[in-house]
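Please read all numbers here as calculations on a predicted model, not as lab measurements. First the proteins, then the strands, lettered A, B, ... as listed; each starts at 1.
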2 protein chains.
Amino acid sequence: MAIQYKKVSDAVIKRLPRYFRYLAELKEANVQRISSGVLSEKMGLTASQIRQDFSCFGGFGQQGYGYNVESLHSELKKILGVDKGFNTIIIGAGNLGQAIANHSKFEKRGYFLKGIFDLDAKIIGKKINGLEIMNMDSLPDFLRKEKVDIAIITVPREVTAEVADLAASLGIKGIWNFSAMDIKVPDDVVVENVHLSDSIMVLGYRIKNN
Amino acid sequence: MAIQYKKVSDAVIKRLPRYFRYLAELKEANVQRISSGVLSEKMGLTASQIRQDFSCFGGFGQQGYGYNVESLHSELKKILGVDKGFNTIIIGAGNLGQAIANHSKFEKRGYFLKGIFDLDAKIIGKKINGLEIMNMDSLPDFLRKEKVDIAIITVPREVTAEVADLAASLGIKGIWNFSAMDIKVPDDVVVENVHLSDSIMVLGYRIKNN
DNA sequence: AATTCTTGAAATAAAAAGTAAAAAAATATA
DNA sequence: TATATTTTTTTACTTTTTATTTCAAGAATT
């Protein structure tokens with residue numbers, strides 16, 4: 001694990017994927033080095049903020065030179081855990097669950113889909129992106145055999161709590177929650193919410209008040 | 001438009017949909033009134049924060065009584081614009097676009113899908129949730145005829161900027177951006193990002209550092 | 001060798017967010 | 001009706017978080 005001297009602030013953490021995206025772009029464009037000043041213009045941040053952000057994780061830059069794009073990109077990869085990758089399962093093979101399962105980009109970026117589960121007998125057995133939808137009943141056995149880090153929960157509201165509890169009790173480390181509902185699990189399980197309906201409501205509010 | 005004396009902070013705005021959800025639940029359960037204290041326990045916030053949040057938009061409560069669930073819910077509805085609703089279109093009818101189009105909950109909550117557009121000749125004409133996927137070419141005409149507030153952009157990275165510019169130039173007021181890319185549009189267009197890959201990376205980071 | 005860049009770290013400043021508490025208003029109770 | 005209680009509203013305060021500035025030191029370039 002990366003050495004971390006003090007707690008990194010939330011704002012910084014949320015910027016990391018964005019840095020990662022820009023670095024990937026620069027790498028793509030065969031840019032070898034970049035200074036915080038140039039990057040700041042590209043990203044609409046201040047140079048000093050960028051330097052401070054990176055310095056939370058150690059000194060990746062070099063005075064008089066800037067940052068090496070390739071190596072900064074791979075540092076970010078490590079920080080985000082994308083280098084080793086994460087195993088995932090999807091629970092809930094509805095529209096959204098299937099869309100995520102089909103989203104090949106996630107595989108490329110180190111999030112490996114190992115299984116898809118649902119309760120609906122009508123779709124169990126159906127293949128999505130090469131994986132058969134399995135019965136929820138087989139989830140405990142499955143998780144005992146496979147090491148899975150992340151459960152992607154795309155089930156209806158009503159069963160969300162139950163599913164989250166189950167996943168947590170089976171040793172899942174993180175939940176990516178797409179249900180319009182708050183999840184309560186022990187502290188050793190991390191929850192990241194994607195509340196789509198909340199998100200569009202915020203958009204609506206901002207449109208009204210813009 | 002609701003009277004707004006001073007700028008409401010971002011943190012408050014982001015909590016509004018959550019309040020809205022909880023109020024809906026209470027209404028569902030036929031709860032008539034609720035005090036900030038009781039609500040705070042339910043939601044894991046302090047009573048004082050809840051009162052302060054609501055007071056940004058005017059006094060909806062009554063001393064000695066608390067908040068009337070029904071009327072607070074409908075106030076929130078107005079604040080979020082859900083009462084009048086928003087017309088939307090989806091640009092990009094891939095996996096994610098189709099999943100969103102099929103997500104009937106949005107309709108119920110005041111986001112009305114008026115059209116789906118794509119470039120891919122193979123899927124143009126196909127019906128999703130009762131709407132035919134239209135050719136991007138017809139977008140300008142379509143937007144001249146229909147009053148559309150929100151463009152939901154679910155196209156590949158490469159065309160995101162172009163599509164966003166187009167939508168903005170045609171009078172769209174808000175963009176719900178699902179592309180893993182930052183969008184730059186004039187200030188009269190609001191952008192709300194749902195960067196799924198950013199979100200899962202943050203989850204990964206947190207798992208590693210939990 | 002001198003000059004120019006550019007980082008990293010510490011200190012500072014600013015902003016945002018949350019908490020607390022007094023004042024006011026309505027309700028409930030006796 | 002008077003009084004006690006509840007609970008909001010509003011303002012002020014505190015804390016936390018976030019961002020900026022400054023500057024010494026190191027590296028590259030000329």
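In this pair, B:Phe106 and B:Tyr111 present their aromatic rings perpendicular. The plane angle is above 60°, beyond the 30 to 60° band. In this structure, B:Phe142 and B:Phe117 have perpendicular ring planes: the angle between them is above 60°, well past the 30° mark.
Of the candidates C:dG18, C:dT7, D:dA19, D:dA19 carries the atom nearest the A:Gln52 side chain, counting heavy atoms from C-beta on. For B:Gln63, taking side-chain heavy atoms from C-beta onward, the closest of the listed nucleotides D:dT9, D:dT18, C:dT27 is D:dT9. Nearest to the side chain of A:Arg33, among D:dG26, D:dA28, C:dT19, sits D:dA28. Side-chain atoms of B:Ser9 lie closest to C:dA17 of the nucleotides C:dA17, C:dA25, D:dT10. Closest contact between the side chain of B:Gln49 and the listed nucleotides D:dA19, C:dG18, D:dA28 involves C:dG18. Which of D:dA19, C:dT19, C:dA24 sits closest to the side chain of A:Ala11 comes down to D:dA19.
Residue A:Asp53 contributes atom CG, which lies 16 Å from atom P of D:dT17 at whole-angstrom precision. Computed from coordinates, the B:Asp10 CG to D:dT16 P distance equals 21 Å when rounded to whole Å. The distance from atom CD of A:Gln62 to atom P of C:dG8 is 9 Å, rounded to the nearest whole Å. For A:Ile13 and D:dT17, the CD1 to P distance is 12 Å, given to the nearest whole Å. Between the CG atom of B:Asn68 and the C1' atom of D:dT8 there is a distance of 14 Å, given to the nearest Å. For the pair A:Ile50 CD1 and C:dC5 C1', the interatomic distance rounds to 16 Å; values are reported in whole Å. Rounded to an integer number of Å, the gap from B:Gln32 CD to C:dT27 P is 15 Å. Put simply, OH on A:Tyr65 is 9 Å from P on D:dA28, counting in whole angstrom units.
Remark: A:Arg15 is in phosphate contact with D:dA19, judged by side-chain N or O atoms under 4.0 Å from OP1 or OP2. OP1 or OP2 of C:dT19 sits under 4.0 Å from a side-chain N or O of B:Thr46.
At the heavy-atom level, B:Ser48 lies under 4.0 Å from base atoms of the strands shown. Within 4.0 Å of B:Tyr67, counting heavy atoms only, lie sugar-phosphate atoms of the nucleic acid but no base atom.
Using modelled atom types and a 3.5 Å distance limit, the side chains of A:Asn193 and A:Asn177 yield a donor-acceptor pair.
With salt bridges taken as basic N to acidic carboxylate O contacts below 4.0 Å, one links B:Asp10 and A:Arg206.
Summary of the strand contacts: A:Gly64 and A:Arg51 both lie near DNA chain D, and taking for each the nucleotide with the nearest heavy atom, the more 5' one is attributed to A:Arg51.
Pairs of residues two or more places apart, or lying in two chains, never qualify as salt bridge (Lys or Arg N to Asp or Glu O under 4.0 Å) while including a residue from residues 102-111 of chain A.
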